[in-house]
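Only heavy atoms go into these numbers, but all of them, side chains included; no hydrogens, no water, no symmetry mates.
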Amino acid sequence: MNPSLSVMKPHSYFPAAHGALVFRCGAVARTVALILLSLLLLWFAPGPVQAQDGKPLDGLSALSVFLQTTRSGRSDFTQVVTLPPRASEGSTRVARTRSSNGSFAFQRPGRFRFVYAAPLSQTIVADGKTLWLHDEDLNQVTVRSQAGALDDTPAALIAGASDLRTLQASYELANDGARDGLLWVRATPKAREGQTQQLRVGLRAVSPTQVELGAFEILDSFGQRSLLTFSRMQVNANLPADTFRFTPPAGADIIRP
């Protein structure tokens with residue numbers, strides 16, 4: 001993939017050496033346990049949450065609540081990236097998956113921290129001005145200006161936009177039904193030259209005034225599909241002041257593309 005935001009390996013989805021930006025590469029294969037969990041969520045989920053006007057929340061109204069009421073958050077995540085199939089023995093094309101997991105925190109406007117714990121140790125920090133990408137295995141830090149770097153990525157949805165109108169300047173937004181206990185919104189970038197072809201965000205409506213981020217699904221121009229699933233989400237968490245600070249470790253190679 002084109003390393004437009006560089007340095008990270010295929011197991012992450014923010015700027016990655018093999019292409020992407022948080023959510024552009026990375027993975028965690030689905031297991032039977034996760035499938036059973038999804039079934040349990042469907043079987044035992046409460047009835048649809050209603051908006052304050054008495055109508056059931058749909059994806060767009062849930063996203064609007066999330067953007068207007070959520071100022072910070074933290075959670076664990078798993079990520080599954082499905083790579084385009086390639087020919088194998090007998091000319092059968094087989095799709096490949098890669099998986100990863102870690103923790104995530106964000107604070108509006110424009111601050112987030114992704115820590116990939118396995119299988120590779122990598123950290124991505126946006127402090128509002130600078131985007132830091134640290135590959136612990138290589139002891140390498142890539143530094144970029146944050147301005148414009150995240151425009152067509154899920155980071156813009158999570159940590160950037162304050163309301164639907166702001167998002168609609170960059171995305172075509174549409175309701176995309178309910179699945180796995182989540183209300184889904186499809187977001188298609190208006191700028192066609194970017195790497196991201198389509199985003200889908202899954203939201204969990206706890207109440208008419210509380211909505212949690214449940215999942216992100218991203219399809220990029222290289223045919224990769226990445227699914228990030230969030231768990232143990234804490235909405236409007238009090239985050240330590242240094243959460244979004246990053247200091248390169250001693251001896252690290254600093255790259256400024």
Side-chain angles (χ1 to χ4, degrees), residues 13 22-24 26-52 55-82 97 99-106 112 114 153-161 163-164 167-168 171-189 196-220 225-237:
Y13 201 91
V22 156
F23 317 164
R24 202 162 273 172
V28 170
R30 290 196 176 194
T31 63
V32 173
L34 286 176
I35 295 173
L36 292 175
L37 177 58
S38 297
L39 292 174
L40 289 172
L41 287 171
L42 289 172
W43 290 338
F44 298 108
V49 174
Q50 293 186 330
Q52 292 180 329
K55 297 179 180 179
L57 283 177
D58 57 18
L60 284 173
S61 56
L63 180 57
S64 180
V65 171
F66 175 79
L67 293 174
Q68 293 180 45
T69 63
T70 305
R71 294 294 169 259
S72 65
R74 62 185 169 197
S75 74
D76 296 332
F77 72 88
T78 59
Q79 182 172 321
V80 179
V81 171
T82 303
T97 61
S99 63
S100 55
N101 62 72
S103 61
F104 166 61
F106 71 93
F112 61 81
F114 268 81
T153 73
L157 288 167
I158 299 172
D163 55 36
L164 286 182
L167 279 182
Q168 287 169 334
Y171 295 92
E172 296 287 348
L173 301 177
N175 285 312
D176 205 19
R179 177 170 59 87
D180 300 336
L182 303 176
L183 301 171
W184 290 86
V185 173
R186 183 174 64 256
T188 304
T196 301
Q197 295 297 295
Q198 188 177 92
L199 306 176
R200 295 177 70 244
V201 56
L203 299 149
R204 183 176 296 107
V206 179
S207 75
T209 58
Q210 183 180 347
V211 173
E212 298 177 354
L213 184 64
F216 258 114
E217 186 176 65
I218 305 93
L219 176 65
D220 69 23
R225 187 176 298 274
S226 182
L227 175 66
L228 282 91
T229 304
F230 299 95
S231 61
R232 302 202 304 170
M233 174 68 70
Q234 298 179 37
V235 174
N236 293 326

Which heavy atom of [X] sits nearest a heavy atom of [Y], and at what distance?
{"X": "L182", "Y": "A215", "result": "CD1-CB, 3.9 Å"}
{"X": "L183", "Y": "A178", "result": "CD2-CB, 4.1 Å"}
{"X": "P189", "Y": "T196", "result": "CG-O, 3.4 Å"}
{"X": "S64", "Y": "L164", "result": "CB-CD1, 3.7 Å"}
{"X": "T69", "Y": "T209", "result": "OG1-O, 3.8 Å"}
{"X": "V211", "Y": "F66", "result": "O-CD1, 3.4 Å"}

What orientation do F230 and F216 show, parallel under 30°, tilted 30 to 60°, or perpendicular over 60°?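 The arrangement is perpendicular - the two ring planes meet at more than 60°.
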
Classify the ring geometry between F112 and F114 as parallel (under 30°), tilted (30 to 60°) or perpendicular (over 60°). perpendicular

Can you check whether [X] reaches [Y] side chain to side chain, under 4.5 Å on heavy atoms?
{"X": "L199", "Y": "Y171", "answer": "yes"}
{"X": "L213", "Y": "T70", "answer": "no"}
{"X": "V206", "Y": "V235", "answer": "no"}

Any donor and acceptor pair, going by atom type alone, linking the side chain of [X] with main-chain N or O of [Y] inside 3.5 Å?
{"X": "N175", "Y": "L60", "result": "yes"}
{"X": "W184", "Y": "R200", "result": "no"}
{"X": "S72", "Y": "A237", "result": "yes"}

To the nearest 0.5 Å, what is the distance between [atom1] on [X] and [atom2] on [Y]?
{"X": "D58", "Y": "D176", "atom1": "CG", "atom2": "CG", "result": "11.5 Å"}
{"X": "S231", "Y": "F77", "atom1": "OG", "atom2": "CZ", "result": "10.0 Å"}
{"X": "Q198", "Y": "R186", "atom1": "CD", "atom2": "CZ", "result": "6.0 Å"}
{"X": "L63", "Y": "Q68", "atom1": "CG", "atom2": "CD", "result": "9.5 Å"}
{"X": "L67", "Y": "L167", "atom1": "CG", "atom2": "CG", "result": "5.5 Å"}
{"X": "E212", "Y": "Q234", "atom1": "CD", "atom2": "CD", "result": "10.0 Å"}

